[in-house]
Amino acid sequence: MADIMRYAGQAVFYVCAAALTGYLSFRPLYQQTHPGLAQIKLSFSHGAQRVEDCRRLTTKEIAALPPSERRPNTCSRERHPVYVEFSIDGELLYSKSLEPAGLSKDGPSRTYQKFLVEAGVHAVTARLRDSGREAGFDYEMEQQLTLAPGQSLAVDFRSEAGGFILK
Amino acid sequence: MDAIRGLLRFPLDRLERLLGTVFPAHWNPLFNLGALGFFFYWVITVSGIYIYIFFDTGIHEAYQSIEYMTNEQWYLAGVMRSLHRYASDALIICLLLHMAREFSLGRYRGARWFSWVTGIAAMMLIYMAGISGYWLVWDKLAQYVAIVSTEWLDWLPIFGEPVARNFLAPGSLDNRFFTLMIFLHIAVPLFALAVLWMHLQRVVKPVINPPRGLAAGSFLSMLALSLVLPAVSQGPADLARVPGNVGLDWIYLPLFPLLERLPGSVTWSAAMAVFLILITIPVLPPMKRSAAAVVDLGNCNGCTRCDLDCPYEAIAMVERKDDSPFSMMPQVSASLCVGCGICAGSCPTSMPFRRRADLSPGIDLPDFTMAMLRDEVEAVAKRISGPGRLIVFSCQHGVRASDVKHGSCAAVSLRCIGQLPPSFIDYVLSRDLADGVLLAGCKENDCYNRFGLRWTEDRLAGQRDPHLRARVDRRRLKTVWCGAGGNAWLDAELAAFSQEMASLESLPGKAHAQAPRVKEDAAHG
Ligand code: HEM
Ligand code: SF4
Ligand code: SF4
């Protein structure tokens with residue numbers, strides 16, 4: 001009899017352990033974002049224009065180089081930073097000058113940002129300059145977007161595709 | 001640190017005792033957490049191999065193939081999938097408890113630092129393996145896990161391109177990413193297994209397989225759970241939508257909501273801080289390091305018992321170079337020795353009957369010698385009187401000697417119950433220092449020094465050297481494996497035992513009193 005009680009006790013333990021495992025494996029449900037919201041991601045990886053185009057070195061400059069490194073052209077690989085501005089409904093949410101990656105600043109500038117907005121219609125403006133100019137922009141996008149609840153929209157950038165792209 | 005340990009010890013102790021009422025001591029799940037961990041690891045491996053057969057790598061194929069398993073072949077592949085998931089959850093539960101228990105019992109210092117540190121490494125790998133598993137399903141939860149973990153990793157300036165850009169929008173992800181994930185999901189657990197092998201390198205005779213009954217019960221409960229509540233996917237991933245509501249696995253992913261909401265600087269510093277604390281715990285104060293055992297060659301005959309009994313493999317028998325007739329001698333590695341005294345308890349030359357100058361065994365603890373132990377026994381014997389006098393030998397990891405307050409009892413504290421040479425019991429009874437001897441130690445099957453309790457029982461039963469002499473009246477000896485916190489239990493046993501001894505006293509012919517007081521020598525009974 002005592003044995004039966006012990007086995008019953010063990011069974012109770014196993015049931016509790018399994019129930020706890022099964023429960024915690026799925027519940028409580030986690031609500032990541034409020035159901036009425038939508039998300040816009042602004043992310044790109046873009047190499048700005050080079051600071052200096054390739055040019056011919058002057059004879060003087062060539063003479064100044066050590067003999068083993070003399071060459072007719074110079075190509076500095078350094079790039080400009082990418083300056084980006086992002087606004088939703090006229091409100092500037094993000095503006096940053098993104099430094100090029102790499103020790104010699106020859107890599108792409110990158111960003112990855114997320115914004116939550118109410119679902120509905122929004123005016124989204126994205127502007128970018130990558131040519132080292134002081135003012136104005138090299139690329140610009142202005143769009144009226146209708147976002148469904150829970151939608152996730154990405155704003156990427158590719159100069160080959162002509163600028164900002166929505167995904 | 002001690003306060004945190006106490007805080008953890010209390011609920012664990014309660015649970016251990018509760019489970020002790022329904023499980024035999026060697027089946028108690030809390031005494032088998034490491035072994036259960038291994039058991040679940042094997043369940044995960046077998047079920048994993050089976051579902052891998054049906055798994056297709058590919059953005060759409062992955063989800064489809066898992067749906068097939070769950071819905072079409074629910075009776076086998078579906079069950080295997082559920083087992084794979086629930087055994088992984090059970091593994092983590094066992095590991096967290098294993099870690100909390102080893103910590104709460106103070107089993108992380110001294111020679112155990114190695115098991116502790118490799119344990120932490122294994123734990124991190126198992127978490128990584130589990131989290132990577134959630135990606136493979138490529139459902140809403142997978143999408144959530146993938147995005148949050150890559151965004152978190154991207155905070156570190158190690159990846160050029162943000163890895164999270166792989167999940168920017170539909171079409172960003174390519175199949176190669178899946179191939180990489182499945183590779184990680186197989187390689188990381190294998191690596192964890194290698195680390196676990198190291199984890200046990202310094203554990204003498206580790207219990208790797210749980211007792212059959214416990215294994216069967218654990219497996220059946222996971223199988224039942226898999227049938228009652230099969231693991232299912234949460235709808236295909238859609239990068240054009242935020243995952244919204246997800247059923248998180250709180251066992252693997254409890255920190256994900258925090259990773260997602262707090263800035264990377266906070267979460268990474270917290271993670272680094274916790275990691276540093278965990279791996280430095282073995283050397284953080286308060287440090288209590290006992291002196292290592294010392295060999296006295298003049299009294300050693302090279303019998304190898306100390307080497308056989310040391311639970312930490314701190315003793316090696318090496319060739320003896322002096323001109324003694326014995327060819328081998330023990331050598332103690334001070335870095336492995338924890339000063340438990342079990343070796344001194346096993347040495348045939350630990351004989352309290354000897355003259356004081358001679359009570360120097362072949363191996364002894366310099367800060368708690370056999371001579372000191374005998375002095376203490378004699379001192380406490382003077383404090384007890386009346387019928388039913390008891391001397392309690394209590395292990396410092398069980399009920400503290402100072403807590404033994406029963407009227408005609410006095411207690412002597414030992415490093416481990418295994419430090420007690422059985423001849424001391426004979427000594428107490430034959431010299432009439434007390435009417436009975438009670439040994440109190442850790443819980444059965446849960447000795448702090450792993451084998452102290454088992455060796456003691458075997459010595460008393462005459463199954464392991466040194467034996468308890470046959471002439472000792474067994475009625476006058478009692479063992480209570482009550483563990484720390486078992487004060488009430490011990491008190492009750494003491495009261496009953498003392499009364500029993502008092503009534504024995506009134507019977508004619510005290511067995512042990514008639515034993516002749518022979519002059520003892522190194523030979524034992
Ligand atoms: C990852 C999976 C793990 C498995 C499968 C595992 C398994 C084991 C096993 C089988 C033992 C031997 C137990 C015995 O025979 O008494 C053991 C000992 C130990 N484990 Fe783990 N363990 C794991 C993780 C951990 C973790 C995360 C920690 C803590 C950080 C840890 C700390 C220890 C310590 C300190 C010991 C030594 C016990 C002793 O010397 O008495 N383990 N482990
Ligand atoms: S004191 Fe304990 S750990 Fe040290 S050598 Fe003796 S038995 Fe081994
Ligand atoms: S148990 Fe004692 S006699 Fe035997 S080898 Fe060890 S120290 Fe020497």
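Proteins come first, then strands; the chains are lettered A, B, ... in the order of their sequence lines, and each starts at number 1. Both backbone and side-chain heavy atoms feed into the values below; hydrogens, waters and symmetry mates do not.
Across B:Pro254, B:Pro157, B:Ser218, B:Ala90, the residue that shares the most heavy-atom pairs under 4.5 angstrom with chain A is B:Ser218. When each of B:Gly247, B:Ser221, B:Gly217, B:Pro257 is checked for heavy-atom pairs under 4.5 Å with chain A, B:Gly217 comes out on top. Most heavy-atom pairs under 4.5 Å with chain A: of the set B:Ile251, B:Leu168, B:Asp89, this distinction falls to B:Leu168. Between chain A and the options B:Ala240, B:Pro170, B:Gly213, heavy-atom pairs under 4.5 Å are most frequent for B:Ala240. Between chain A and the residues B:Ser226, B:Ala224, B:Ala164, the largest count of heavy-atom pairs under 4.5 Å involves B:Ala164.
Both the backbone and the side chain of B:Pro24 come within contact range of chain A, with heavy atoms under 4.5 Å apart. Using a 4.5 Å cut-off between heavy atoms, B:Ser88 does not touch chain A at all. With a 4.5 angstrom heavy-atom cutoff, B:Ile147 touches chain A only via side-chain atoms. Contacts of B:Phe219 with chain A are absent, with no heavy-atom separation under 4.5 Å from either backbone or side chain. Residue contact with chain A, scored on non-hydrogen atoms closer than 4.5 Å, involves the side chain of B:Leu19 exclusively. For B:Ile93, the part lying under 4.5 angstrom from a heavy atom of chain A is the side chain only. Proximity to chain A (any heavy atom under 4.5 Å) is restricted, for B:Tyr144, to the side chain, taken from C-beta onward.
Scanning residues 9-31 of chain A against chain B with a 4.5 Å non-hydrogen threshold yields A:Gly9, A:Gln10, A:Phe13, A:Tyr14, A:Ala18, A:Thr21, A:Gly22, A:Leu24, A:Ser25, A:Phe26, A:Arg27, A:Pro28, A:Leu29, A:Tyr30, A:Gln31, sorted by number. Contacts with chain B (heavy atom to heavy atom, under 4.5 Å) involve these residues of residues 106-117 of chain A, listed by number: A:Arg110, A:Tyr112, A:Lys114.
Contact annotation: the side chain of B:Asn245 never approaches that of A:Gln32 to less than 4.5 Å [non-hydrogen atoms, C-beta and beyond]. Side-chain contact between A:Gln151 and B:Val242 is absent, with no heavy-atom pair separated by less than 4.5 Å.
The neighbour count for A:Arg158 CZ, taken as heavy atoms of other residues, nucleotides or ligands under 6.0 Å away, does not exceed 12. Counting heavy-atom neighbours within 6.0 Å of B:Trp74 CH2, excluding the residue itself, gives a total of 12 or less. Within 6.0 Å of OH in A:Tyr7 there are 12 or fewer heavy atoms belonging to other residues, nucleotides or ligands. The environment of CZ in A:Arg133 is crowded: more than 12 heavy-atom neighbours from other residues, nucleotides or ligands sit within 6.0 Å.
Between the CZ atom in B:Arg165 and the NZ atom in A:Lys41 there is a gap of 10.5 Å [rounded to 0.5 Å].
Donor-acceptor pairing under 3.5 Å is lacking for the side chains of A:Ser152 and B:Arg241.
Heavy atoms only, all atoms of each residue included: B:Gly20 and A:Arg6 are closest at O-NH2, 4.5 Å.
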